[in-house]
A.B. asks: 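Questions regarding the structure given below will be posed in turn.
Computed over heavy atoms, backbone and side chain alike; hydrogens, waters and symmetry mates excluded. Proteins get letters first, then strands, A, B, ... in listed order; numbering begins at 1 in each.
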Amino acid sequence: MYPTALCQMNNPGTPPPKAHWRPFHTIFLAMKLTALLLLVACLQVSAHGYTQQITFSMRNATVEKVLREIERQTGYTFWYNNELLQKTEKISIRLQDASLEDALKKCLENQPLGYTIVDRTIVLSPAPLPSEEIKGRITTSTGDPIAGVSVQIKGTKKGVTTNANGEFTIEGTRDNVLVFSYVGYETQEIRVGDQKSIVLTLVEAKKTLTDLVVVGYGKQSRRSLTSSISTVTGEDMNKGAITDVGQLLQGKVPGLNITANGDPNQTSAVILRGASTINSSQSPFYVIDGVPGVDISLIAPADIVSIDVMKDAAATAIYGNRASNGVIMVTTRRGKKGEMQVSYSGYVGLEKVSNNLKVMNATQLRAFLAKNGEAFSPTDDKGANTNWQKAIEKNEALSQSHNIAFSGGTEHSDYIASLNYAYKDGILESSSLKRVIARLAIDQSAINDKVKLGLNVTYSNSDAKDVPYRTVTLLQSALYLPVSPVKNADGSYFEDFTNANYYNPVAMTNNSTLDTKYNNLVGNFTGQVKLPFDLTYNMDLSYQSYSTNQGQYLDSYFTDNYTNMYDNPNPGLSGHSQQIFGSGGQATRSSYTNTSTLFEDYLTWDKHFGAHAINVVAGYSWQDFTNGDGFTVTTANFPVDNISYNNLSLSNPYALSSFQVNFGADGLYSQSRLISDFGRITYNYNEKYLLQGSIRRDGSSVFGADHQWGYFPSVGAGWRISQEKFMQGQHLFSDLKLRGSYGVTGNATGFSAYTAQSISGSLGTYYYDGITTAALGATQQANPSLQWEKTATADIGLDFTLLHGRFGGSVDVYNKNTTGMIYRYTVDPILVPAGYITANGGSMNNKGVELSLNATPISNSAFRWISSLNLAHNINKITSLTNPLFTGGDSVVAADPEGAGQSGSTLEILKAGRPLGQFFSLEYAGKNASGVSQYISSTGALTTTPNQGVDYHYLGNAQPKLLLGWSNNFRYKNFDLNIFVRGTFGNKVFNATRADLFRPSTAQYTNILVDAAGESTKDYNSYLYSSRFIENGSYLRFDNATLGYTLRKLGPYVHSVKFYVTGNNLFVITGYKGIDPEINQGGLAPGVDYNNFYPKTRTFLFGANVSF
Amino acid sequence: MKKVLNYIILPGLLAGVLCSCHKLNVPITSELTPSVFPQDSAQFIQAEGPVYVALRGSYGVEYFFEQTLSTDEEILPARGGNWFNGAENQQMHYHTWNSGNGYQSSMWSWCSTIIGQATQEIAILNEDEPNSTASKLTSIAEIRTVRAFAYFIMMDMFGSLPIDTAYGNFTPQPNVPRAQVASFIESEVKACLPNLSTVVGQSTYGRATKYTAYALLAKLYLNDEYYSGTGRYNDCIAACDSVINSGQYSLTSVGTWLQQFYPTNGPQCTEFIFAIPEDPNFSEGPFSFRGTNLHSRYDVPRSEVAKFSLKFTPSAPESTIPSYYAYFWDPNDIRNQEWLSGLQYLNDGVTPVTVTTTNLGYNQFYTGSDPSGSYTYQVNLTPDVILRQDTASFDCGNDEIAWNMGYRCIKFYPDASSSSNRQNNDIPVFRYSDILLMKAEAILRGGTPTLGQTALSLANQLRAQRTSSPAWTNITLDSVYNERCREFVEESWHRNDMIRYGKYEGAWGFKTDADPNHRIFPIPFSALQLNPKLTQNPGY
């Protein structure tokens, strides 16, 4: 359709204009009519059954003259392009009571004209060319056929895909343009012309600068981006027995710091460009197929096509309200038009513990004690030589995953259905994860493809098994004496309860159960309507439901022997706490559901005129959340142990004098709402000068009544230097772009939905008139001025492609400032008895540089090598920790591992001017003359009796100076080999595990490290948390090697089969003395190796991808 | 046209409707907001509770350590590094504490929380119950008295304090001189007196009554010479007389004396004027307090789990010092039975408590030929605490000899009924015997005898219920002090007594420090951070 290419005919008084269009003065009317026509076209309304009778006769008349006559007789109006009539021949015609249709047919016979009747207007158009069969074959540069290439007639939805031999057949006319597209290859267009057979070689897409990038509420070509977005495609993601999306991306994106351990049930910690806040919300925000805030465990790795990581505020500000920590956009597989395709991918993997703590065995420990004139207690020394770490581990863990998908489509619809089953055995006894994900996505176009509807439903069910008090079990497995057996001669578990806080870890594991089932459902309904004036309306309705159903059973052995045990929590602000169990077995059931409903709609105006291109998006978003809808109950005293947590009715808690049924934590249920208006405008001049601005106005119910709304603007600009005239002569750069952006994003998460309100709750129980009465009081002070936490990011970047795509990369420099950081500020309890108030206050800064490079050093038909490297450097600093309302402290101590004899020793401090993860502890100064470890006191003197807190020093921090990821891909004929190395450098790790196992003075009660053999039992200080146990955490991990072999053309039914073997975590180069230097870098107390580290594993995996 | 409706107009309308929705307010249906709580008298009772939970907070454990480990009553040395805890217990013994000592910060924040909680509750009651009903006035008077008590113990520990009584004012206040704090406490208590309950028994047990207020005033006046330089001994006597005259309290006889500290104690104890009820099942809620009685955990040797039928293994690092145990010289005194000393027997009195270990396990300094040879012995608690392993690190060593060092007080008798180390024994704050001894002491310090009672008659009235030895024939301030040592062991008054008697600068155990500045603890570092207007106490 040519909106301005129409003219009205029955206006003979107007002289023909210079332009080809006549008459041209009624542009207004034309526009109106255009709108009308478009609308009508959209609606596919056609005219039928004209009854008008036409009678006239002409000889050798121009078509124009004939048409005027028809107009005159019928009252219909003709619309056409003048150029059209110039190509017509004169005609002779004779009509008698002819219908309009007959008349038109006769008069346009043998003319290159067609027509459409719309209402009372007849639109003339060039006559359709005869359709013919076009055949072709598509290959790669190496000559291999490519199956599944989309071949489409430009400007229509008509298309086919190539078969296994890369061949296609399509009906088209000579003036059609065919568009060939295939993921990972440059899209090409070819005008059919006289060609009856097209042979085409697709060129692999030059990475980074060509493809479409998913941005919020739309897509943009990477070429015209002004913001910093890294894209990882499915092929580039880490391979292995991975059930967690974080691990798929580990090392792949510069600036994304991901730490994971071997726990199948724990998601990895993901920090983008340094932590933005000290409130608990540090993870990026996930948007899956346009649905914001989806739980990432819902997506099977095999279903992911690409992941776009939006890093700067210009990219993320469109998700203003939750985008402070960056946004990760996940795009999943969709169906393709054409024949139904079936694909299977699966693997079987074998994991083994990669490293254990080197604690002493029985012989070593016995020798150590003898050397120091000590001996085991006969209660402990049963002559055994037990490796307690091995005793709670499996020899190997088996993982498997199977993904089967079928997809296809017709001209107006496509669909994909997939089913994923994954089972990941944990390397610790009784830990595993089983997950089933089913997914269905359908898209349907209607009304001449003007309306597009889609439904995407994903359901996942996970069954996680774990060990209750696993962290205690791990601690016990390190320090339990090797001379004691797992079991006594009579088959009962060995225990020695005279030794305080000392429990047989195997008995702990085998006498307890912890099962958690997660159900996750996302239903997403989308609608898109193409409107006149290049407008598109999009609408999204989605519903998410996440429910957990957990059961924990501590059997009677566990409850009766281990009551009063201390737990061993992960690093944070608080230390351990005593666990008191009801006797006769204790069961806990909990079931909670979180739901959220989302409505979003937006209007897009995409307009190109000449060298100018404008894209405007304006939208609205409404999201409602209900969280923590459910209950917990803990009861005790069961007649038998084998009913576990499955039948709480059989418990008899009332018989226990000092046990009370427990209903879990207070205040889990909450409702909240987010409402936003947003808009974005992008302008690009000739793909040379790029501008973008966006604004989002967000409201959240969690803030104080007068502070609910926040504004989050962003601007970005880009200059494609390579498009400039002065660059035309050079051959070095094929693309060079400089871009800069600034924007503000907000955070409304990481704290309770009712934080701004005054809330009373349980403050314990007390004696009132003989009865234990609930004491209810303000657990939370109202803070009506609670408002948005804001993060402003400035980013300057340079993207470049050299040597025709052989070499490319980008550099980004950023400065990220968080202000009004929402945090639980400690306040004087004499003013606020709760002792804290959640308020806006402190601020945090991150500055950094990111570099990513990719190169194709060798590429020929037989061999290709692609190498990509990314590096990131970030400096994090807490710039303030005070709140304007309360003059309170400027620092908070964190990480209190509470190793034996070290209660109250904290390892880290949050303090203005210092980074998150600042170690603050004793400074070790060797040993004194009598062999006792000494430390530097606050006054600089040496002391063997240092004071907690007072004699602490700043001792380096947990934040890495450099993150590195280096991937190499080699292809030789049908073989491909991928080798991936990643590393972290310049960070320190507080090896508290080592300190706790470095205690020679108690070696007759608890085991010590082999490394501690040289210590003297007289050194009562040797184990104190100090700089002695702060180690360099740098490492380089040979993370992944995958060798694949692809077989193609395996007959009519199987398109291709790829087999591969993968090795994960093959080796680590590090000076770190603990199990593994990859210690959690998230949270408030990063970089602390607490005696509870889930062992990392080495995996060997065999997989196959088959497409039918 | 139907399709048109379905695909364009309806979504359009829906969008239009929803776009106009910018209502953010979500009703709170699952929390106690001010509009729903507290509203009636039953709810007011629950709303008064937090101040009592807060008071219970550190009373039984950390407050006990603060008041006791800094005296000759108890010592808590390290055992092979265990219990060293950053030298905090060592500092308490040597009087070398500083503003970083953990006990100081927990004491300051505990007292501040009670005060803040009380102030908040008074504000809530005043707001939600505008009418001055008698029950409301009583409730407020009770809470204010508890607040005054918290100010009293905080003042006793830290001297000058900030006075914050205006709720909702977040401006930190500077600390005012101790005398001013004392007079503030006096005026507060006096203001509460008219509205406090005179009922004694279960219905008011564990809460502040009129007699609690008088007992508090008596303590304040008895120490006034030290607090503000004025001796107010007649005021002390008058306050004691108000308790005595009520006739609500009586001394427990010899036969039931021990039982009043047993896990079963409670409102039936006729000596208890004000007590902290303890129960293993009480919950502290989100308060970071222990709110419990843990005496067995610290005092009962782990070899005696069976003797006391404990459900947990105590670690028992704490014991008394021989110079304190010396007060218990009278063989006829029932209070001797509060101690574990010498050879240990099961409760049948015949079967020895034995432990089997190795030669080395028994004595870590064993140098014989068979360190791992089995060694069985009868537990024998020895009076002296010797820092055998290391003096600098305050360490007795980690062997049986070390674990049996020092005599142990089991006044709060181990609770066999508890499934944890938390005991059910309530802890008295003010007892009737204290009233009698305070009055006796006030008379000896220059007050005027009343009600026909003399210092000697008062002391003998008490002693008649404690010992079968003959009554005293004369009395001195020192003999009252000695009696107090016997009577109030483990009741957290000893530091207060020592200071009043000028004995806090003495030498005991390993301590030689005599700096009178140490009568007042340093304001903890954590408090100075939270309130920059505080001025540190002299000498720190």
A.B. asks: So which part of Glu278(B) gets closer than 4.5 Å to some heavy atom of chain A, the side chain, the backbone, both or neither?
C.D. replies: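 For Glu278(B), no heavy atom lies under 4.5 Å from chain A.
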A.B. asks: Looking only at non-hydrogen atoms, find the nearest pair between Gly80(B) and Thr1002(A) and report the distance.
C.D. replies: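 Gly80(B) and Thr1002(A) have their closest heavy atoms at O-CG2, 4.1 Å.
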A.B. asks: Side chain, backbone, both or neither: which part of Thr171(B) has a non-hydrogen atom closer than 4.5 Å to chain A?
C.D. replies: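 For Thr171(B), backbone heavy atoms alone lie under 4.5 Å from chain A.
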A.B. asks: Could you tell me whether the side chain of Tyr52(B) and the main chain of Tyr768(A) form a donor-acceptor pair under 3.5 Å?
C.D. replies: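 Flag not set: sc Tyr52(B) to bb Tyr768(A) has no pair under 3.5 Å.
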A.B. asks: For Arg297(B), which atoms come within 4.5 Å of any heavy atom of chain A: side chain, backbone, both, or neither?
C.D. replies: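 Contact with chain A: side chain only.
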A.B. asks: Select one option (side chain, backbone, both, neither) describing which atoms of Leu360(B) are under 4.5 Å from chain A's heavy atoms.
C.D. replies: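 Contact with chain A is through the side chain of Leu360(B) alone.
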A.B. asks: Is it the side chain or the backbone of Ile45(B) that comes within 4.5 Å of chain A heavy atoms, both, or neither?
C.D. replies: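 Contact with chain A is through both the backbone and side chain of Ile45(B).
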A.B. asks: Is it the side chain or the backbone of Asn169(B) that comes within 4.5 Å of chain A heavy atoms, both, or neither?
C.D. replies: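 For Asn169(B), backbone heavy atoms alone lie under 4.5 Å from chain A.
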A.B. asks: Take a 6.0 Å sphere around CZ of Phe525(B) and say whether it holds more than 12 heavy atoms from other residues, nucleotides or ligands.
C.D. replies: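 Not more than 12 within 6.0 Å, no.
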A.B. asks: Measure across Pro27(B) and Tyr754(A) and return the closest heavy-atom pair with its distance rounded to 0.1 Å.
C.D. replies: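 In terms of heavy atoms, the two residues are closest at O-OH, 4.3 Å.
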A.B. asks: Rounded to the nearest 0.5 Å, how far apart are CD of Gln43(B) and OG of Ser760(A)?
C.D. replies: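 One gets 10.0 Å once the value is rounded to the nearest 0.5 Å.
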A.B. asks: In terms of heavy-atom pairs under 4.5 Å with chain A, which of Ser418(B), Pro371(B), Pro286(B) leads?
C.D. replies: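 Of the options given, most contacts go to Pro286(B).
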A.B. asks: Under 4.5 Å from any heavy atom of chain A, what part of Gln91(B) do you find: side chain, backbone, both or neither?
C.D. replies: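 Gln91(B) touches chain A through side-chain heavy atoms alone.
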A.B. asks: Hey, could you give me the OG1/CD distance between Thr358(B) and Glu374(A), rounded to the nearest 0.5 Å?
C.D. replies: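 Between atom OG1 of Thr358(B) and atom CD of Glu374(A) there are 9.5 Å.
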A.B. asks: So which residue, Gly777(A), Ser1001(A), Gly667(A), ends up with the most heavy-atom pairs under 4.5 Å with chain B?
C.D. replies: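 Between Gly777(A), Ser1001(A), Gly667(A), the count favours Gly667(A).
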A.B. asks: Which bit of Asp828(A) is near chain B, if near means a heavy-atom gap under 4.5 Å: side chain, backbone, both or neither?
C.D. replies: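 Contact with chain B: backbone and side chain both.
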A.B. asks: I need the Ser419(B) OG to Ile580(A) CD1 distance, nearest 0.5 Å.
C.D. replies: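 Answer rounded to 0.5 Å: 6.5 Å.
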A.B. asks: What are the two closest heavy atoms between Ala775(A) and Gly49(B), and how far apart are they?
C.D. replies: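 Result for this residue pair: CB-C, 3.4 Å.
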A.B. asks: What part of Lys533(B) gets closer than 4.5 Å to chain A, counting heavy atoms only: side chain, backbone, both or neither?
C.D. replies: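 When you check distances to chain A, no heavy atom of Lys533(B) falls under 4.5 Å.
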A.B. asks: Assess whether side-chain hydrogen bond (donor to acceptor under 3.5 Å, both in side chains) is satisfied between Asp390(B) and Tyr1020(A), documenting all intermediate values.
C.D. replies: CA-CA 9 Å; Asp390(B) 188 71; Tyr1020(A) 50 83; 2.8 Å; yes
A.B. asks: Less than 4.5 Å to any heavy atom of chain A: does that hold for the side chain of Asn281(B), its backbone, both, or neither?
C.D. replies: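 Looking at Asn281(B), backbone and side chain both touch chain A.
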A.B. asks: For the residue pair Ser700(A) and Leu24(B), what are the closest heavy atoms and their distance?
C.D. replies: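 The answer is N-CD1, 3.5 Å.
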A.B. asks: Heavy-atom pairs under 4.5 Å with chain A - which of Gly168(B), Gly285(B), Gly116(B) has more of them than the others?
C.D. replies: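 Of Gly168(B), Gly285(B), Gly116(B), Gly116(B) has the most heavy-atom pairs under 4.5 Å with chain A.
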A.B. asks: So among Thr165(B), Asp164(B), Leu530(B), which one has a side-chain contact (heavy atoms from CB on, under 4.5 Å) with Ile830(A)?
C.D. replies: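 In the set Thr165(B), Asp164(B), Leu530(B), the residue that makes a side-chain contact (heavy atoms from CB on, under 4.5 Å) with Ile830(A) is Asp164(B).
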A.B. asks: Classify the ring geometry between Trp709(A) and His22(B) as parallel (under 30°), tilted (30 to 60°) or perpendicular (over 60°).
C.D. replies: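 Ring orientation of Trp709(A) relative to His22(B): tilted.
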A.B. asks: Do the side chain of Arg673(A) and the main chain of Lys23(B) share a donor and acceptor less than 3.5 angstrom apart?
C.D. replies: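 A pair under 3.5 Å: yes.
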A.B. asks: Of the backbone (N, CA, C, O) and the side chain (C-beta and beyond), which part of Tyr167(B) lies under 4.5 Å from a heavy atom of chain A, both, or neither?
C.D. replies: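 Looking at Tyr167(B), just its side chain touches chain A.
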A.B. asks: For Asp381(A), what residues pass the salt bridge (charged side-chain N to carboxylate O under 4.0 Å, His left out) criterion, not counting sequence neighbours?
C.D. replies: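 Testing Asp381(A) for salt bridge (charged side-chain N to carboxylate O under 4.0 Å, His left out), a comparison that skips the adjacent residues, returns Arg366(A).
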A.B. asks: Mind checking the CD-CG spacing from Glu31(B) to Asp666(A)? Nearest 0.5 Å is all I need.
C.D. replies: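 Rounded to the nearest 0.5 Å, the CD-CG separation comes to 5.5 Å.
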A.B. asks: Rounded at 0.5 Å granularity, tell me how far CD in Gln671(A) sits from CD1 in Ile28(B).
C.D. replies: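 Taking CD in Gln671(A) and CD1 in Ile28(B), the distance rounds to 9.5 Å.
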A.B. asks: Under a 4.5 Å heavy-atom cutoff, which of Gly102(B), Gly206(B), Ser283(B) has the most pairs with chain A?
C.D. replies: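 Looking at each option in turn, the highest pair count goes to Ser283(B).
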A.B. asks: Could you tell me which non-hydrogen atom of Asp769(A) sits nearest to which non-hydrogen atom of Ser203(B), and how far apart they are?
C.D. replies: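 Heavy-atom minimum between the residues: OD1-CA, 3.3 Å.
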A.B. asks: Quick check on Val832(A) against chain B: is it the side chain, the backbone, both or neither that has a heavy atom closer than 4.5 Å?
C.D. replies: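 Side chain only.
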A.B. asks: Counting only heavy atoms closer than 4.5 Å, note whether Gln202(B) contacts chain A via side chain, backbone, both or neither.
C.D. replies: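 Both parts, backbone and side chain.
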A.B. asks: With side chains defined as the heavy atoms from C-beta onward, is the minimum distance between Ile759(A) and Thr33(B) less than 4.5 Å?
C.D. replies: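 In short, these two side chains touch, coming nearer than 4.5 Å.
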A.B. asks: Which bit of Arg422(B) is near chain A, if near means a heavy-atom gap under 4.5 Å: side chain, backbone, both or neither?
C.D. replies: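 Just the side chain, heavy atoms under 4.5 Å.
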A.B. asks: Please report the interatomic distance CD(Gln173(B)) to CG(Leu831(A)), rounded to the nearest 0.5 Å.
C.D. replies: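 Here the interatomic distance stands at 8.0 Å.
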A.B. asks: Go through the atoms of Phe84(B) and report whether side chain, backbone, both or neither lie under 4.5 Å from a heavy atom of chain A.
C.D. replies: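 When you check distances to chain A, only side chain atoms of Phe84(B) fall under 4.5 Å.
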A.B. asks: Could you look at Phe282(B) and say if it's the side chain, the backbone, both or neither that has a heavy atom under 4.5 Å from chain A?
C.D. replies: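 Looking at Phe282(B), backbone and side chain both touch chain A.
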